[in-house]
Amino acid sequence: MEIRRVAASIGAEISDVAICDTGSLDLAALRQAWLDHGVLLFRGQYMTPTALAHFSACFGELEPPPASEAGTREELGGQPVWYISNVVENGKQIGSLGAGEAEWHTDMSYIAEPPTASVLFAQEVPPSGGNTSFSDMEAALDRLDDDLRAQIEGRSVHHDSSTTSVGDTRRGYDGVQDVRTAPGISHPAVRTHPETGRRSLYLGRRRNTYIEGLDLAESEALLDRLWEHCRNPDFAWTHVWQAGDVVMWDNRRMIHRRDPFDPNSRRIMLRTQLRGDRPS
Ligand code: SIN
């Protein structure tokens, strides 16, 4: 197994492994690489849904899919592997998130115990677009200026559960009228990674978030400044997908976004995630 950095502060490509053969893997070394680099890329993999579930379960307990525009958690059946896709079969979209841009976010920060890891396998990719970028919120906190840091330290952020990262309302929810009363949960704006002890910004996503205890206008202005900082490309790495790629990232440290792509092309990704713990 070889580990090669792909960007300045985050991301590593792991080569010379077949991750469907979980018995052959050095799991301790992979876990350490994931903690060190935040995002791991494995190219040229052959993964069935069962193989992806087996590989993912080597790192923790599988967490069922989030509610999306396609269905509530109950309607989606709680299966541990699901599709992110724009493909329509028999008049029905086979997965969630369509072909639009997914804004910067961390997965499911609107529940009490957000997933630790997410894993994505590229089964079919469009000829262009649909790239996924990752950004390091430990680096973002390290480089935050003193004024912004003083304003956010010790505060909690309310994370909206009703809207997906592409802006769709999840099945079973109404649209948000006032971010202060949106459904969801609050977490500390700065969290400590339970395994590495490193601190990072934990803002969820820009849309429909609210900083507890501030006037709405103050919260909006502070979030705009923080998100401008978080979008700094210095902290980021963009992955251009090839069919057969598997990417696994650490939601406690990273945010991610997806570029839009031509809705007439096909993108089929298999997805798992791992049960997490309460951010603190
Ligand atoms: C996601 O946000 O989990 C999906 C990312 C992607 O489609 O690349």
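These values consider heavy atoms only, across backbone and side chains, with no hydrogens, waters or symmetry-generated copies. Since this is a predicted model, take the numbers as computed values, not measurements. Counting starts at 1 for both ligands and their atoms, in listed order.
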Closer than 4.0 Å to some heavy atom of H105 - which atoms of ligand 1 meet that?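 Ligand 1 atoms under the 4.0 Å threshold to H105: 2 (O).
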
As an exercise, identify every atom of ligand 1 less than 4.0 angstrom from a heavy atom of I84. 7 (O)

What protein heavy atom is closest to [atom], reported as residue, atom name and distance in Å?
atom	result
atom 3 (O) of ligand 1	R271 NH2, 3.1 Å
atom 4 (C) of ligand 1	L97 CD1, 3.9 Å
atom 5 (C) of ligand 1	L120 CD2, 3.9 Å
atom 7 (O) of ligand 1	R267 NH1, 2.8 Å
atom 8 (O) of ligand 1	T132 OG1, 2.6 Å
atom 1 (C) of ligand 1	H256 NE2, 3.5 Å

Matching residue for E220 among R207, R180, R206 - test: salt bridge (Lys or Arg N to Asp or Glu O under 4.0 Å): R206

Classify the angle between the aromatic ring planes of F55 and F59 as parallel (below 30°), tilted (30 to 60°) or perpendicular (above 60°).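 Rings of F55 and F59: perpendicular, over 60°.
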
Please work out whether the ring planes of H256 and W249 are parallel, tilted or perpendicular, with thresholds of 30° and 60°.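 H256 vs W249 ring planes: tilted.
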
So, for H159 and Y202, is the gap between ring centers shorter than 6.0 Å?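 Judged by ring-centre distance (under 6.0 Å), H159 and Y202 do meet the cut-off.
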
With the threshold set at 4.0 Å, does a side-chain nitrogen-carboxylate oxygen contact exist between R271 and D107? yes

Between D259 and R257 (salt bridge meaning N to carboxylate O under 4.0 Å), is one present in this structure?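 Answer for the salt bridge query: yes.
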
